[in-house]
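Since the structure comes first, as structure tokens, the remarks are kept for the end.
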Amino acid sequence: MLVAIWADDLGLSMRAMVLSEPGPIQSGPLRLLEVPVPIPAGGELLIRVRCCAVCRTDLHVIEGELPRRKTPIIPGHQIVGTVERLGPGCTRWGVGQRVGVAWLRHTCRQCQFCATARENLCESSRYTGYHEDGGYAEYTIAPEDYVYEISDAFDDVAAAPLLCAGIIGYRALARSNLPRGGSLALYGFGSSAHIVLQIAQHRGCEVFVVTRGAGHRELARRMGADWAGESAAELPKKADSAIIFAPAGELVPAALAGLKKGGTLALAGIHMSPIPPLDYEMHIFHERDLRSVASNTRDDGRALLAEAAQIPIGPHTTTYPLADANRALQDLKADRINGTGVLVIAGLNVGQK
Ligand SMILES: [Zn+2]
Ligand SMILES: [Zn+2]
């Protein structure tokens, strides 16, 4: 019988980008450190990380815009890797299997929200790279019940952005009530928006993209957006649905004004600057709805991964070595990444696309 000798036996260490003290990303608050390889407890997997995409929420954690939950912390919650070791009692996955780890990593399964298929609102939810260490490292731990299967339709780097940008975009799209064949306005054209664009097009919808970056507008047009422009006032027509991805509350009134009667605006951010006063007649009346999006359920994650594999979705990515995580996040903050930044950590599976 083959017996795996592991960290607790040998005290192995790994490289990780660690946040000891939140601070502006320009100051390079993540430091490359050698830390012990974590040991999976009951129901947890030890995962060898192949790559981890960066997300605006990582920036909010690193710059201290979200309340601190664990210090020091290894950020990162769009993780693609392989199962290295099973903790006691694990039954769902096998060693060597490729899996994905996302933001949601624990729910109580008992509260009124968990009991009604809304575990994204669970009072006791916990998140990867926030409450527990995430994927800016060579290894990470995840509860086996909260890990996703990754289809062979995607190589590692292409799969990583689906795990937050994709899942949150998917939930935001559901929250925006986009009718089949309808029209959708997207505000901001980062990681989530460019995945949502592909899904909406596949569903036969018209897509308008509003973004200040000329490069983002060009990418949107290249990807087949029906229109891309700089402000909501220029939209070619009113939309059935809209999603604001940019963390900018000042976009809300114009986005509501750009909706048809009965239209819905979904706010996809976890953090947003103040929303200016709304005018009832201009922004809300005629049954226009304004809805927020909070994380996702595991069902959202599985549905997105299945639909993405079917289309198949091809996220645009820019790769960085693990040690350059600060630079990747600086580029994200300055809007210099077209698509999604992905930290590459271990040997990649690129042969299956
Ligand atoms: Zn709950
Ligand atoms: Zn995220």
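Indexing begins at 1, ligand by ligand and atom by atom, following the structure's order.
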### Task
Nearest 10° is fine: what angle sits at the Zn ion (ligand 2) between NE2 from His77 and SG from Cys164?
110°
### SG (Cys122) - the Zn ion (ligand 1) - SG (Cys111) angle, nearest 10°
120°
### Message
Using every non-hydrogen atom in the two residues, find where Lys333 and Ile25 come nearest and quote the distance to one decimal.
### Response
CD-CG2, 3.8 Å
### Query
Do Asp58 and His77 have side chains that get closer than 4.5 Å, going by heavy atoms?
yes
### Summary
Heavy-atom closest pair (Ala225 atom, Val209 atom, distance to 0.1 Å) is CB-CG2, 4.0 Å
### Summary
Row for the Zn ion (ligand 1): angle SG (Cys108) to SG (Cys114), 10° precision, value 120°
### Task
Applying salt bridge (Lys or Arg N to Asp or Glu O under 4.0 Å), name anything that partners Arg31, two or more places apart in sequence or on another chain.
none
